[in-house]
Amino acid sequence: MATYTLPELPYDYAALEPVINPQIIELHHDKHHAAYVKGANDTLEQLEEARDKEAWGAINGLQKNLAFHLSGHILHSIYWHNMTGDGGGEPLAADGVGDLADAITESFGTFAGFKSQLTKASATTQGSGWGVLAYEPLSGKLIVEQVYDHQGNVGQGSVPILVFDAWEHAFYLQYKNQKVDFIEAMWRVVNWQDVAKRYAAAKERAGVLLLAP
């Protein structure tokens with residue numbers, strides 16, 4: 001039995017138009033995300049075989065593959081729910097996401113400053129990667145991370161709550177090589193209700209995630 005399964009999209013392929021066209025959503029979810037799920041499951045099987053045979057010659061590659069595919073699966077699972085055709089704007093207390101809005105202001109000074117930082121972090125990833133807003137449990141604040149591939153350059157213990165996919169497969173069919181245009185457009189579909197729920201859950205579980213001595 002596979003450990004990981006591909007989650008269903010929370011909307012149809014056309015739900016995010018015109019920001020993301022249906023062809024991209026279909027290929028991105030059904031092909032790319034599915035490949036990370038398969039890769040994680042295949043690597044777990046290979047690690048089980050290595051344990052059974054006490055054959056550890058490929059351990060470094062297997063551990064790297066597991067981190068890559070599992071992180072890809074996790075980030076994409078967040079990504080789909082971070083977006084909605086009715087999203088965009090900024091989080092406001094009037095919309096029931098005041099705690100998140102306050103946390104952004106406390107951590108970045110202003111929403112505009114936060115938006116600028118996450119946009120630049122996402123748009124300037126070298127090669128493939130992500131821009132991520134994460135809850136950092138030691139400080140109790142939000143931070144922006146620039147993630148290479150799916151797993152590199154991440155603060156240990158930080159919890160991603162908003163992710164912008166900056167891999168070419170997320171935008172190239174529609175935006176060509178204009179990554180910055182895609183990232184700018186992404187702000188029109190951010191699902192702040194989902195981000196706020198993830199922030200509240202991360203903050204509630206902070207002591208479980210990382211217990212300070």
S.K.: Using only heavy-atom distances, determine whether the side chains of W130 and H150 contain a donor-acceptor pair under 3.5 Å.
M.R.: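 Yes - a donor-acceptor pair under 3.5 Å links their side chains.
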S.K.: Examine V180 and W167 and state if one hydrophobic cluster contains both, with Ile, Leu, Val, Met, Phe, Trp and Tyr joined whenever side-chain heavy atoms are less than 4.5 Å apart.
M.R.: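 No, because V180 and W167 fall into different hydrophobic clusters, even though each may have its own neighbours under 4.5 Å.
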S.K.: Show your reasoning for whether side-chain hydrogen bond (donor to acceptor under 3.5 Å, both in side chains) applies to E136 and S139.
M.R.: CA-CA 6 Å; E136 197 287 291; S139 66; 2.9 Å; yes
S.K.: Assign the ring pair F68 / Y36 to parallel, tilted or perpendicular, where the plane angle (0 to 90°) is split at 30° and 60°.
M.R.: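 Ring orientation of F68 relative to Y36: perpendicular.
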S.K.: Are Y199 and W192 near enough that their ring centres are under 6.0 Å apart?
M.R.: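 Centroid separation for Y199 and W192: 6.0 Å or greater.
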S.K.: Taking T43 for its side chain and G39 for its backbone only, find out whether a donor-acceptor pair lies under 3.5 Å.
M.R.: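 Side chain of T43 to backbone of G39, a donor-acceptor pair under 3.5 Å: yes, one is there.
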S.K.: For Y79 and H76, take the angle between the two ring planes, folded into 0 to 90°, and tell me which bin it lands in: parallel under 30, tilted 30 to 60, perpendicular over 60.
M.R.: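 It falls in the perpendicular class, over 60°.
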S.K.: For residues W56 and R51, report the shortest heavy-atom separation together with the two atoms involved.
M.R.: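 For W56 and R51, the tightest heavy-atom pair comes out as CH2-CG, 3.3 Å.
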S.K.: Please say which of W187, F171, F182 ends up in a ring-ring contact (aromatic ring centres under 6.0 Å, His included) with F164.
M.R.: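 Of the listed options, the one satisfying the test is W187.
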S.K.: On a heavy-atom basis, which atom in P91 and which in L100 lie closest, and how many Å separate them?
M.R.: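 What the structure gives for the nearest pair is CB-CD2, 4.2 Å.
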S.K.: Backbone N or O of A2 within a donor-acceptor pair of the N41 side chain at under 3.5 Å?
M.R.: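 Looks like no, no N/O pair under 3.5 Å.
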S.K.: Return yes if some donor-acceptor pair links the side-chain N/O of Q146 with the main-chain N/O of G131 below 3.5 Å, else return no.
M.R.: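 Not at all, since once roles are kept as given, no pair shorter than 3.5 Å links the two residues.
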S.K.: Begin with the C-alpha distance, continue with both residues' side-chain angles, and end with the deciding distance and a verdict on side-chain hydrogen bond (donor to acceptor under 3.5 Å, both in side chains) for Q174 and Y172.
M.R.: CA-CA 5 Å; Q174 185 174 354; Y172 200 85; over 6 Å; no
S.K.: Run the side chain to side chain contact (heavy atoms under 4.5 Å, CB included) check on V97 and Q193 step by step: do they pass?
M.R.: CA-CA 7 Å; V97 291; Q193 297 292 330; 3.9 Å; yes
S.K.: Short question: side chain of D149, backbone of Q151 - any donor-acceptor pair under 3.5 Å?
M.R.: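 Flag not set: sc D149 to bb Q151 has no pair under 3.5 Å.
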S.K.: Ignoring hydrogens and geometry beyond distance, is a side-chain donor-acceptor pair present between T125 and K179 at under 3.5 Å?
M.R.: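 Yes, K179 and T125 have a side-chain donor paired with an acceptor closer than 3.5 Å.
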S.K.: Could you report the tightest heavy-atom contact between P7 and H29, atom names first, then the distance?
M.R.: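 Result for this residue pair: O-NE2, 2.7 Å.
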S.K.: With sequence neighbours excluded, what pairs up with A93 under the side chain to side chain contact (heavy atoms under 4.5 Å, CB included) test?
M.R.: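 Residues passing side chain to side chain contact (heavy atoms under 4.5 Å, CB included) with A93: none at all.
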S.K.: Test side-chain hydrogen bond (donor to acceptor under 3.5 Å, both in side chains) on S128 and E168 and set out the steps.
M.R.: CA-CA 7 Å; S128 301; E168 285 192 346; over 6 Å; no
S.K.: What residue pairs, at least two apart or across chains, pass ring pair (Phe, Tyr, Trp, His ring centres under 6.0 Å) with a residue in residues 89-108?
M.R.: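 For residues 89-108: F108-F114.
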S.K.: Please check: side-chain N/O of D165 versus main-chain N/O of A170, any donor-acceptor pairing under 3.5 Å?
M.R.: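 Not at all, since once roles are kept as given, no pair shorter than 3.5 Å links the two residues.
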S.K.: Quick one: ring-ring contact (aromatic ring centres under 6.0 Å, His included) partners of H73, sequence neighbours excluded?
M.R.: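 ring-ring contact (aromatic ring centres under 6.0 Å, His included) list for H73, sorted by chain: Y4, H33.
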S.K.: Which pair of heavy atoms, one from A166 and one from S122, lies closest together, and at what distance?
M.R.: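 Taking every non-hydrogen atom into account, CB-O, 3.4 Å.
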S.K.: So which heavy atom on E145 is nearest to which on S158, and how close?
M.R.: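 That would be OE2-OG, 2.9 Å.
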S.K.: So, applying side-chain contact (heavy atoms from CB on, under 4.5 Å) with L142, which one of L162, I104, T105 is it?
M.R.: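 So the option named by the test is I104.
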S.K.: Restricting to non-hydrogen atoms, name the atom on G85 and the atom on L16 that form the minimum distance, rounded to 0.1 Å.
M.R.: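 G85 and L16 have their closest heavy atoms at N-CD2, 3.7 Å.
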S.K.: Return yes if some donor-acceptor pair links the side-chain N/O of Y11 with the main-chain N/O of W80 below 3.5 Å, else return no.
M.R.: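 Judged by distance alone, yes, a pair lies under 3.5 Å.
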S.K.: Can a donor-acceptor pair be found between the side chains of D194 and N82 at a distance below 3.5 Å?
M.R.: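 The criterion, which ignores hydrogens and geometry beyond distance, is satisfied for N82 and D194.
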S.K.: Assess whether side chain to side chain contact (heavy atoms under 4.5 Å, CB included) is satisfied between I25 and L9, documenting all intermediate values.
M.R.: CA-CA 9 Å; I25 296 294; L9 284 171; 3.6 Å; yes
